[in-house]
Amino acid sequence: MAVETHDPHITAHARSAEETSRPVHGLFQSLNNFLATFVAIVHTRLELLTTELQEEVRQVGAILLWAFVAAFAAMMGLFLVALAVIFVFWDTHRLAASVAMIGMFIAVAVVAGLILRHKLVTKPPLLDDTLAELAKDRDQLKARL
């Protein structure tokens with residue numbers, strides 16, 4: 001709101017220069033607010049990204065560790081079962097027992113491969129939450145333009 005002065009020292013030109021500087025100051029303030037908001041959004045998204053990456057690394061590490069332990073224990077168990085079956089039928093049907101054990105190992109490998117493929121196909125994409133937030137941001141910016 002402009003205050004009218006009747007001071008003879010202030011010319012009309014000086015008053016108009018003062019009035020035109022206010023919108024420029026408002027423009028710079030708006031630009032400053034926009035940049036601050038933009039930096040805050042980027043900062044939040046980067047925090048979400050790093051959190052998701054940390055969780056993913058922990059999950060993958062735990063999965064790999066337990067997968068190794070389970071695979072090692074299962075293979076040792078299957079190997080000992082196979083040896084036991086072969087030893088039981090050593091005198092009568094050792095070849096049939098050996099082929100049966102080979103078939104069992106192949107069946108276990110096929111089932112494990114199918115389970116692994118299913119898990120890889122149904123696994124949510126990496127950084128899914130971050131990408132969802134960025135998509136929301138994009139949609140909000142499009143709506144404003």
Side-chain angles (χ1 to χ4, degrees), residues 1-5 10 12-145:
M1 187 161 135
V3 175
E4 291 286 37
T5 61
I10 299 178
H13 178 69
R15 277 194 298 255
S16 67
E18 180 182 314
E19 288 172 359
T20 58
S21 70
R22 285 185 189 136
V24 171
H25 176 68
L27 176 66
F28 284 128
Q29 185 64 34
S30 295
L31 184 61
N32 189 22
N33 289 343
F34 171 75
L35 289 175
T37 303
F38 180 75
V39 167
I41 289 171
V42 169
H43 182 261
T44 302
R45 297 311 175 249
L46 287 175
E47 283 180 341
L48 180 61
L49 175 72
T50 57
T51 301
E52 281 192 76
L53 285 175
Q54 288 172 348
E55 287 177 5
E56 191 71 24
V57 166
R58 282 188 203 120
Q59 287 177 352
V60 167
I63 287 170
L64 288 176
L65 174 68
W66 287 111
F68 175 76
V69 169
F72 181 76
M75 291 307 296
M76 288 301 295
L78 287 174
F79 178 70
L80 292 174
V81 166
L83 281 178
V85 169
I86 292 170
F87 288 154
V88 166
F89 294 103
W90 187 260
D91 291 330
T92 57
H93 303 302
R94 71 176 152 232
L95 186 59
S98 297
V99 169
M101 292 300 100
I102 291 170
M104 181 189 66
F105 282 120
I106 290 173
V108 168
V110 168
V111 169
L114 291 173
I115 291 171
L116 178 62
R117 188 178 100 207
H118 173 73
K119 290 201 175 283
L120 290 175
V121 168
T122 60
K123 180 186 173 297
L126 182 65
L127 307 176
D128 194 34
D129 291 337
T130 299
L131 293 174
E133 286 299 318
L134 289 174
K136 285 182 196 175
D137 293 343
R138 182 193 62 223
D139 293 342
Q140 287 177 354
L141 286 174
K142 282 184 180 179
R144 288 184 183 180
L145 297 176

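Because the structure is predicted, anything quoted here is derived from the model rather than measured.
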Exercise for review: Mind checking the CD-CD spacing from Gln54 to Gln59? Nearest 0.5 Å is all I need.
Suggested key: 12.0 Å
Practice item. Measure the CD1-NZ distance between Ile63 and Lys119 for me, rounded to the nearest 0.5 Å. Key: 8.0 Å
Review point. Taking everything shown except Phe105 itself, do over 12 heavy atoms lie less than 6.0 Å from its CZ?
Key: yes
Point to revise | Min side-chain heavy-atom separation Phe68-Leu65 under 4.5 Å | key: no
Practice item. Identify, with sequence neighbours excluded, every residue that meets side-chain contact (heavy atoms from CB on, under 4.5 Å) alongside Val121. Key: Arg117
**Study point:** Interatomic distance, Thr51 atom OG1 to Leu46 atom CG [nearest 0.5 angstrom]
**Key:** 10.5 Å
Exercise for review: Check side-chain contact (heavy atoms from CB on, under 4.5 Å) between Ile41 and all other residues, then give those that pass, not counting sequence neighbours.
Suggested key: Thr37, Arg45, Asp137
Exercise for review: Grab the two heavy atoms, one from Ser98 and one from Ile86, that are nearest each other, plus how far apart they are.
Suggested key: OG-CD1, 3.7 Å
Exercise for review: Report yes if some heavy atom in the side chain of His118 is under 4.5 Å from a heavy atom in the side chain of Thr122; otherwise report no.
Suggested key: yes
Review point. Quick one: side-chain contact (heavy atoms from CB on, under 4.5 Å) partners of Phe38, sequence neighbours excluded?
Key: Val42
Point to revise | Least distance between heavy atoms, Met104 atom then Leu78 atom | key: CE-CD2, 3.6 Å
Review point. Roughly how far apart are Leu49 CG and Glu52 CD, rounded to 0.5 Å?
Key: 7.0 Å
